[in-house]
2 protein chains.
Amino acid sequence: MSDRRSAIMDVAERLIRAHGYNGFSFREIADEIGIKSASVHYHFPTKADLAAAVAKRYRERFVDALGTAEAQGAGKIEAWRGLFQNALNQDGLMCLCGILAAEGNSLPAEVAKEAHAFLKFGVESLDEAAPGRGLAILSQLEGAMLIARSAADESVFQDATKELSAL
Amino acid sequence: MSDRRSAIMDVAERLIRAHGYNGFSFREIADEIGIKSASVHYHFPTKADLAAAVAKRYRERFVDALGTAEAQGAGKIEAWRGLFQNALNQDGLMCLCGILAAEGNSLPAEVAKEAHAFLKFGVESLDEAAPGRGLAILSQLEGAMLIARSAADESVFQDATKELSAL
DNA sequence: GTCTATAATTTGATAGAC
DNA sequence: GTCTATCAAATTATAGAC
């Protein structure tokens, strides 16, 4: 993948996680990189194409990051918690697929599909650590991100999920 | 409050809960009611005014609905859970302030403030039923709504929150 | 209170030159 | 691959008639 293409995805990912699918534009991305919006369309014909590609990459990267955290000795739940905590602390960003899921049926089908695939993976992943509780744990993690962003207080996510450390 | 004003708020609330703040327009509301968008501006000068008013009313109504459920014998946690479950089942709608919180810092300050006030109320309310666990429980409820919408399966919210019944 | 009309801006997207 | 130029549509919002 070209540098330019991945640079576009980087900016798109950050903007979606900050404002949602309906809260970013091709021009915003182009301006930030220093190109024209027509050039963004060369790499991604439509907005749905771009968002779906970003969501797919987000899931793949998340899988890798989980693997790294686990290889370093973290439990699965702590790995998930740590990745979300870092995103919030560093840039105040939601889980990409959490905010996409919240925007619900206003999304193009291909984007909704990728968001759903991530959440399905999340449930299965957390079920490995806590059989039958993956869905409940992912719910708590996603909801905690959402509330933490509203509070704009770094300790909120930690407080909201601290009981998960015991699992 | 006039009928027209509340009718506008009704449509706005449904649209925000379905698509988010950045996913609805004055024209959409006007078309649905059968008036012109300029008339919507008569009642609410700006989009931020409208969304903030809707969020304030949402919280007031939620307080009332909780009181009703509790008067009918429901525990506080079951009351919250039931209200969210009903919204999902009937119209596939998110918690208004959950989706607003997810959209984060792209919102006008007055709208973000109302969303935050609702979530703060939620934590305090749930803390009464489970001291020290209100934030964790609200997180789980909000996250479960978000995941349930992505799954488009009515049983997901129930599964994701079933353990809360025991509290 | 609602309308017509319109302004000013933004948006997603395309055609075609280079 | 990126640009200029442009389009058609949508958006928030206002002025002023009725």
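Keep in mind that this is a model prediction, so the values were computed, not measured. A note on names: the letters A, B, ... follow the listed sequences, proteins ahead of strands, and every chain is numbered from 1.
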Sequence neighbours excluded, which residues qualify as side chain to side chain contact (heavy atoms under 4.5 Å, CB included) partners of [X]?
X	answer
B:Thr68	B:Gln72
A:Lys113	none
B:Ala144	A:Ser139, B:Phe157, B:Ala160, B:Thr161
B:Ala48	B:Tyr21, B:Thr46, B:Pro108, B:Glu110, B:Val111

(message) Counting only heavy atoms and a strict 4.0 angstrom limit, can you tell me which residues of residues 25-37 of chain B come near DNA chain C?
(response) B:Ile35, B:Lys36
(request) Using the side chain to side chain donor-acceptor pair (under 3.5 Å) rule, collect all pairs that involve residues 85-96 of chain A, keeping only residues at least two apart or in two chains. (result) A:Gln85-A:Asn89
(message) Reading DNA chain D from 5' to 3', where do the contacts with chain A start and stop? Cut-off is 4.0 Å to heavy atoms.
(response) D:dG1 to D:dT6
(message) If the condition is side chain to side chain donor-acceptor pair (under 3.5 Å), which residues does A:Lys56 pass it with, not counting sequence neighbours?
(response) A:Glu60
(request) Mind calculating the distance between NE2 (B:His41) and P (C:dT4) to the nearest angstrom? (result) 15 Å
(request) Could you tell me whether B:Glu13 and B:Arg57 make a salt bridge, using a distance below 4.0 angstrom between a side-chain N and a carboxylate O? (result) yes
(request) Please list, chain by chain and in numerical order, all residues satisfying ring-ring contact (aromatic ring centres under 6.0 Å, His included) with B:Tyr42, sequence neighbours excluded. (result) none
